[in-house]
There are 2 protein chains.
Amino acid sequence: MKQDPGPATRGRRRKAARPGELTAAALSLFAEKGYAATRLEEVAARAGVSKGTLYLYFDSKEALFKAVITEGILPVMEQGEATFEALRDEPDRLLKAILAGWWEMIGSTELAGVPKLMIAEARNFPELARFYYEEVISRGRALVEGALRLGIEQGLFRPVDVPATVQVLMAPLILLSIWRTSFAVCDADACRPEKYLPAYFDLMLSGLRVQPQAGA
Amino acid sequence: MKQDPGPATRGRRRKAARPGELTAAALSLFAEKGYAATRLEEVAARAGVSKGTLYLYFDSKEALFKAVITEGILPVMEQGEATFEALRDEPDRLLKAILAGWWEMIGSTELAGVPKLMIAEARNFPELARFYYEEVISRGRALVEGALRLGIEQGLFRPVDVPATVQVLMAPLILLSIWRTSFAVCDADACRPEKYLPAYFDLMLSGLRVQPQAGA
DNA sequence: TTTTAATGACTGACTGGTCAGTAAGTATAG
DNA sequence: CTATACTTACTGACCAGTCAGTCATTAAAA
């Protein structure tokens, strides 16, 4: 990774763009190797700068880690909440849109590393874990719960245990996204979402709907 | 001071029992802090010995890690395969027995740390990941696939995409087991399996059965 | 010239791995 | 029973390598 062929190779360059480049590099390395096994020199190299530059933007490895977690996901939550408002009168389409949207914006992207990282490091960063739980997990669950409750009220879905069912619904998506960043080499077949996702929606919506008949 | 020279020794001198004590200590620390962040001195201390003793039984940190992974899970696989043979003429009970058995023997125990560890470290130990994939994941999937196929043949289950559905079926169990070792502090409520598991079986079996109505 | 982005050699703390030494136990002799 | 020589599970101080974090220096930009 050399500097792009801009006019200046040193000195003031791209102060505004640096933090994002660094967090992107850090995310992919943290997701691949884990937090402790990732060297900051490697993060900096992947972002095209030196280690010292990294410390101009982040106070410590832990601060970089927190930035990776919070910056990547929070914008997505807001879009999810907008989707909710747009489709609240068609709960089954809404539910599918939320779940598919999560897959498209997080699960199938580099951001899939964020849930993997939080699971691996929650015990090492309890304060960050609590923040993530409240600002991401709880808000995400509230969206799915809302869709589920609307669907039950309208008689589309069976009257299931809503909070527990929300977790069951999300689990296959989350695990697939993690799986792809871990076992893709061994298990290329299972990591093809074009086969997995239809089977997922089919099984879940069949289990949820009052009427057994449903199209994909 | 004379001590009983019987086979059940006390205090020092427990060559036979040490490896298991060390792998148990290592599993709980690896699962809590991650592989790289776990210090061997702490593993040894938790097992009640010194660091030097650890090296009498394992050649390196990596060798200890491999022992943790392989020793814990392989015995469980064999029991699962025995269950399969015992119930092959009642596919719906068989499926539930396999999934519930996984939960009881792995998901709800300390061994839940093993899948968490393999997911976190697969990219750092590709050779071990391949072994795990072939000896644990593939064999486990084969069991669930077998139960699913038997049920479809007998007309109990809908004709779903079997390999993809197997993954969807396993995912909520695996993710819950991992969740409990990561977010239990933040999310005590979601980690209560007595609420989660019934909702899981209800949703999955409702989605799978040909007839929509069924008791848990 | 002054300011500021960027560098990379350096350091200090930490940890995987080693090994000379300790002591509990055993065997044999006297 | 005592003494002596031997075995071995175990210890912990130590070494060598690694890496997060620092800072004097450099060079482009203003």
Side-chain angles (χ1 to χ4, degrees), chain A residues 1-23 25-27 29-30 32-68 117 121 124-125 128, chain B residues 1-26 29-30 32-68 117 121 124-125 128:
Chain A
M1 288 271 228
K2 281 296 174 191
Q3 296 95 343
D4 50 1
T9 57
R10 208 184 157 98
R12 166 194 285 224
R13 283 182 57 231
R14 304 197 288 147
K15 185 175 181 181
R18 286 275 183 251
E21 294 170 353
L22 285 163
T23 52
L27 172 58
L29 282 165
F30 284 159
E32 178 185 333
K33 309 160 89 84
Y35 174 79
T38 295
R39 293 191 294 280
L40 291 187
E41 191 136 30
E42 204 176 350
V43 173
R46 187 169 292 196
V49 298
S50 70
K51 189 167 63 160
T53 300
L54 193 156
Y55 278 90
L56 297 176
Y57 297 98
F58 300 96
D59 288 344
S60 65
K61 190 180 188 182
E62 186 169 339
L64 175 65
F65 179 64
K66 290 178 180 171
V68 165
L117 263 176
E121 303 295 339
N124 292 329
F125 300 96
L128 178 62
Chain B
M1 301 271 186
K2 295 217 171 168
Q3 303 200 345
D4 275 356
T9 60
R10 60 193 181 193
R12 306 179 72 197
R13 305 285 166 127
R14 307 198 298 136
K15 185 176 182 182
R18 286 279 182 247
E21 294 170 353
L22 285 163
T23 52
L29 282 165
F30 284 158
E32 179 185 332
K33 308 162 93 82
Y35 174 79
T38 296
R39 293 193 300 280
L40 291 187
E41 192 138 28
E42 203 176 351
V43 172
R46 187 169 292 196
V49 298
S50 71
K51 188 167 66 158
T53 299
L54 193 157
Y55 277 90
L56 296 176
Y57 296 99
F58 300 95
D59 288 342
S60 65
K61 191 180 189 181
E62 185 170 339
L64 174 64
F65 179 64
K66 290 179 180 172
V68 165
L117 263 176
E121 302 295 340
N124 292 329
F125 301 95
L128 178 62

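A, B, ... follow the sequence lines: proteins, then strands. Residue 1 opens every chain.
For the pair A:Y35 OH and D:dC19 C1', the interatomic distance rounds to 12 Å; values are reported in whole Å. Between the CG atom of B:L54 and the P atom of C:dC19 there is a distance of 17 Å, rounded to whole Å. The interatomic distance linking A:Y55 (OH) with C:dG8 (P) rounds to 16 Å, in whole Å. Rounded to an integer number of Å, the gap from CZ of A:F58 to P of D:dG21 is 13 Å. The nearest whole Å value for the distance from the CG atom in B:D59 to the P atom in C:dG17 is 10 Å. In this structure, the CG atom of B:L40 is 11 Å from the P atom of C:dT18, given to the nearest Å.
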Distances under 3.5 Å between nitrogen or oxygen atoms of protein and nucleotides 9-11 of chain C:
none

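A close approach under 4.0 Å does not occur between any side-chain nitrogen or oxygen of B:S50 and OP1 or OP2 of D:dG12. Taking 4.0 angstrom as the limit, A:Y57 places a side-chain polar atom (N or O) nearer than this to OP1 or OP2 of C:dA6.
Taking five base pairs at each end of the helix from C:dT1-D:dA30 to C:dG30-D:dC1 and finding the rotation axis that steps the C1' atoms of four pairs onto the next four gives two axes whose angle is 10°, to the nearest 10°.
Under a cutoff of 6.0 Å and an axis angle of 45°, A:K66 and A:F125 do not form a cation-pi pair.
Between the side chain of A:T23 and the backbone N or O of A:A67 there is no donor-acceptor pair closer than 3.5 Å. Looking at B:K61, its side chain does come within 3.5 Å of a backbone N or O of B:T38 through a donor-acceptor pair.
Taking only side-chain atoms of A:T53, from C-beta outward, the nucleotide of C:dT7, C:dT18, D:dA20 with the closest atom is C:dT7. With C:dA6, C:dG16, D:dA20 as the candidates, the nucleotide lying closest to the side chain of B:K61 is C:dG16. The side chain of B:R39 lies closest to C:dG16, out of D:dC10, C:dT7, C:dG16.
The minimum heavy-atom distance linking A:A47 with A:L22 is given by the pair CB-CD2, 3.6 Å. Looking at every heavy atom in both residues, B:P19 comes nearest to B:Y57 through CG-CD2, 3.9 Å.
Between B:F30 and B:Y35, the two ring planes are tilted [angle within 30° to 60°].
For the atom pair A:R39 CZ and A:K33 NZ, the distance stands at 6.0 Å (nearest 0.5 Å).
Under the 4.5 Å side-chain criterion, counting only non-hydrogen atoms from C-beta, B:L40 is in contact with B:L64.
Listed by chain and number, the residues in a side chain to side chain donor-acceptor pair (under 3.5 Å) with A:E41 amount to none (sequence neighbours excluded).
Nucleic acid contact for B:L56: base, since at least one base atom lies under 4.0 Å from a heavy atom of the residue.
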